[in-house]
Amino acid sequence: MSSPYAWIRSTRPTRTLAWPLTLLATSVLLLFAACPALTAQARTSLVVAQEVPVVELDPLAGYINAPSPYEVGLVLFDNLVAFDEQLHVVPSLATGWSVSADGRTWTFHLRKGVKFHDGTEFDAQAVKFNLERYMDPQLNPLNRPLWDPLQAVDVVDRYTVRIVTKFPFPTLLNTLAHGSASMVSPAAVKRYGKEFERHPVGTGPFKLARFDPGSTVVVERFDEYWGPKPGVDEITFRYVPDNSARVGLLLAGQADVITAVTPQDAVRLSSTGGITVISRPTLRTVGIGFSFLHPALKDPKVRLAFNYAVDKAGIVKAIFLGQADVLDSPVAPDATGHLAVGAHPYDPQRARELLREAGWIRSGSGLVEKNGEPLSVTLITAEGAYPNDIQVVQAVANQLRAVGVDVRVLKVDKAGYWDYLKVPARDVKFDMFIWAFNPSNGDGGYTLSSLFKSNPDDQGVPLVWNIGRYRSARVDQLLAEADRTMDPQARERVLGDAQKALMEDNPYIWLYAERRITAVRGDVRGVSLLPTLFTNLRAVSR
């Protein structure tokens with residue numbers, strides 16, 4: 001994996017803010033003046049302003065509103081293994097492990113003397129309880145590519161666990177390092193039941209102090225933590241949806257860390273004294289998916305035409321100021337298994353030719369038509385689920401209109417975006433959708449399986465995130481082979497073939513891989529960005 005893209009440290013002293021910025025900061029101060037959580041913080045407290053709300057904190061639920069709940073989960077929970085900043089798997093609650101020659105039986109040796117926040121002990125029975133909970137498709141319908149390959153979990157002794165997989169499973173360690181594989185207290189799960197998502201209990205360096213779903217999470221230092229002790233007493237995670245408001249809070253000293261900084265704000269903040277801006281390429285890819293329920297979009301020439309019609313490089317330059325990377329594959333460059341398999345450059349003339357070859361002829365209205373009907377699509381987007389999503393969707397819509405496609409943009413609330421997308425075929429109200437996927441297990445095969453593996457039933461709710469109901473026997477066969485290939489080089493070849501097949505089929509308009517930007521006040525240390533998109537506060541101090 002690559003090293004961090006850039007650290008931009010401000011060297012200029014604090015200066016008087018320009019008028020619009022001063023007004024904004026003043027407004028934000030007034031706005032939050034009545035909020036005790038922000039005004040009464042101790043010196044060893046930290047306030048983090050996040051762009052999406054945390055509505056639940058059970059890893060079982062899959063953290064739908066990523067990345068905010070993952071970032072809270074990083075300080076509340078530990079996994080058997082963890083990723084370092086380069087996505088190398090390192091020991092955590094497991095101190096060592098081995099795998100059998102056939103690649104199916106993994107033995108993990110557990111750390112001793114670890115306590116959950118409720119005082120119960122972490123041991124092999126706790127691991128068995130957790131993993132069997134995650135393996136249950138009835139309890140855990142999301143993230144199935146991570147869990148379906150597991151067959152059994154056996155307790156060998158109090159501090160040794162054996163995991164058996166259904167077939168050789170090369171990415172088991174990646175699954176165990178994923179945020180949805182965190183170890184939680186079995187006693188707390190039994191006590192709270194479904195309400196555990198509001199009373200999370202882990203073994204991490206911080207424990208829950210207060211949780212107002214959709215608004216605020218407060219965690220405090222766990223003094224019995226087995227690892228290095230936290231450098232602050234308390235962290236408050238606050239949902240602040242507006243980009244400008246987060247920046248205003250940071251400048252006013254009312255927030256210490258802000259996430260999802262826009263490239264435009266990053267430029268401004270990087271020249272502001274006392275602020276550090278961190279930017280890093282991530283594994284999250286963004287594209288416009290096609291619904292294969294739309295008759296015209298089943299035609300591969302139409303999908304290819306749409307790809308040529310969109311100026312991806314122009315979007316990256318104009319909307320992200322270069323802080324994103326045009327996709328050359330369905331997989332982000334830093335993900336395991338990525339292969340650069342080409343891209344479709346901006347070529348509106350080629351797009352018009354392809355549409356004409358597909359039978360869509362330009363009419364006097366400027367739209368393309370077939371049998372007297374225009375090529376009309378509804379493109380759905382959330383407002384603020386992804387950085388600059390509205391601007392991106394508007395740019396794509398305008399460029400498609402330029403080649404004669406009638407595009408209607410449908411905006412919905414970001415908190416419920418997936419509720420609009422994961423519905424039975426009869427309830428689908430869109431033809432195209434903006435979607436981003438972050439393989440937070442670090443593996444490109446997870447991206448491909450989650451987005452492109454055929455659904456069991458194209459009329460039902462998509463099993464994972466194949467929202468467009470794409471179906472390819474060739475891709476399914478390659479992904480199944482990749483899941484069982486232990487040799488890393490052989491597996492990368494198979495994944496490469498899958499990426500080539502997908503880039504030829506174009507179930508998406510391939511756009512870009514994000515770069516994540518976080519801004520931090522100068523007296524805060526130890527904040528890092530993971531390629532999996534998350535701002536990591538486990539080592540924070542001030």
Side-chain angles (χ1 to χ4, degrees), residues 243 262-264 284-291 294-297 299-328 343-370 373-414 417 420-421 428-436 467-468 506-515:
N243 296 334
T262 66
Q264 292 75 11
R284 186 156 83 169
T285 54
V286 182
I288 305 291
F290 296 113
S291 169
H294 190 297
L297 299 179
D299 187 333
K301 281 191 177 179
V302 172
R303 299 195 301 273
L304 181 59
F306 279 35
N307 259 288
Y308 278 119
V310 174
D311 183 4
K312 297 99 169 176
I315 288 173
V316 165
K317 181 179 180 180
I319 299 178
F320 293 95
L321 306 182
Q323 292 280 350
D325 300 285
V326 175
L327 290 178
D328 56 11
H344 306 304
Y346 179 49
D347 189 343
Q349 183 56 37
R350 178 65 178 142
R352 294 185 183 96
E353 292 171 0
L354 285 163
L355 287 173
R356 195 161 47 246
E357 291 173 15
W360 293 96
I361 308 303
R362 199 173 188 94
S363 69
S365 66
L367 299 177
V368 294
E369 295 181 353
K370 180 188 282 188
E373 294 292 330
L375 177 47
S376 299
V377 295
T378 297
L379 170 53
I380 189 172
T381 180
E383 294 196 75
Y386 313 119
N388 298 322
D389 45 13
I390 296 297
Q391 296 97 314
V392 170
V393 164
Q394 292 291 3
V396 169
N398 289 336
Q399 290 164 9
L400 290 176
R401 290 176 186 129
V403 299
V405 181
D406 177 28
V407 183
R408 181 176 79 96
V409 173
L410 174 62
K411 301 176 186 176
V412 300
D413 180 72
K414 65 181 177 182
Y417 187 45
Y420 289 89
L421 302 180
V428 169
K429 295 181 174 59
F430 56 88
D431 307 306
M432 300 168 62
F433 53 95
I434 187 170
W435 190 247
I467 297 162
N506 294 303
Y508 269 64
I509 298 174
W510 314 107
L511 294 179
Y512 50 85
E514 283 187 43
R515 297 184 190 179

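Of all the heavy atoms in L367 and P374, the pair that sits closest is CD1-CB, 4.2 Å. When all heavy atoms are compared, the tightest approach of V316 to V326 is CG2-CG2, 3.9 Å. The heavy-atom pair separating A305 from A351 by the smallest distance is O-CB, 3.2 Å.
Looking only at side-chain heavy atoms (C-beta outward), L511 and V310 come within less than 4.5 Å of each other. The closest side-chain heavy-atom distance from R356 to I361 is below 4.5 Å. Proximity of Y308 to E353: side-chain heavy atoms (C-beta onward) are nowhere separated by under 4.5 Å.
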>> What verdict does the side chain to side chain contact (heavy atoms under 4.5 Å, CB included) test give for W360 and V405, after you've listed the backbone C-alpha separation in whole Å, the side-chain angles of each residue and the deciding distance to 0.1 Å?
In response: CA-CA 10 Å; W360 293 96; V405 181; over 6 Å; no

> How far apart are the C-alpha atoms of F306 and V302, what are their side-chain angles, what is the distance that settles it, and do they pass the side chain to side chain contact (heavy atoms under 4.5 Å, CB included) test?
Replying inline: CA-CA 6 Å; F306 279 35; V302 172; 3.6 Å; yes

> How far apart are the C-alpha atoms of L379 and R408, what are their side-chain angles, what is the distance that settles it, and do they pass the side chain to side chain contact (heavy atoms under 4.5 Å, CB included) test?
Replying inline: CA-CA 6 Å; L379 170 53; R408 181 176 79 96; over 6 Å; no

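Looking at L410, V393, I288 one by one, the single match for side chain to side chain contact (heavy atoms under 4.5 Å, CB included) with M432 turns out to be I288.
Residues that satisfy the side chain to side chain contact (heavy atoms under 4.5 Å, CB included) test with K411, not counting sequence neighbours, are T381, E383, I390, Q394, V409. Residues passing the salt bridge (Lys or Arg N to Asp or Glu O under 4.0 Å) test with E357 are K301, R350, sequence neighbours excluded. The side chain to side chain contact (heavy atoms under 4.5 Å, CB included) test applied to L327 returns T285, W510, A513, not counting sequence neighbours. Residues forming a side chain to side chain donor-acceptor pair (under 3.5 Å) with R362 (at least two apart in sequence, or on another chain): none. Among residues two or more places apart in sequence or in another chain, the side chain to side chain contact (heavy atoms under 4.5 Å, CB included) test is passed with F320 by P263, I315, A324, P387, N388, V392, Y512. Shown here are the side chain to side chain donor-acceptor pair (under 3.5 Å) partners of Q399, two or more places apart in sequence or in another chain: there are none.
Separation of atoms NZ (K312) and CG (D325) is listed at 15.0 Å; rounding is to 0.5 Å. Taking OG from S363 and CG from L375, the interatomic distance works out to 11.0 Å, rounded to the nearest 0.5 Å. Atom CD1 of residue I467 and atom CZ of residue F433 lie 5.0 Å apart, to the nearest 0.5 angstrom. Atom CZ of F290 and atom CG of D299 lie 11.0 Å apart (nearest 0.5 Å). Distance check, rounded to the nearest 0.5 Å: CG of L354 to CG of L304 gives 5.0 Å.
In this structure, the side chain of R401 engages the main chain of V407 through a donor-acceptor pair within 3.5 Å. A donor-acceptor pair under 3.5 Å links the side-chain atoms of D431 to the main chain of T378, judged by distance alone. Y417 places a side-chain N or O within 3.5 Å of a backbone atom of I380 that can act as its donor or acceptor partner. A donor-acceptor contact shorter than 3.5 Å is absent between the side chain of D347 and the backbone of N307. The closest donor-acceptor contact from the side chain of H344 to the backbone of I509 lies at 3.5 Å or more, if one exists at all. Side chain of R303 to backbone of L297: a donor-acceptor contact under 3.5 angstrom is found.
Summarising the local packing, NZ of K317 is surrounded by 12 or fewer heavy atoms from other residues, nucleotides or ligands at distances under 6.0 Å.
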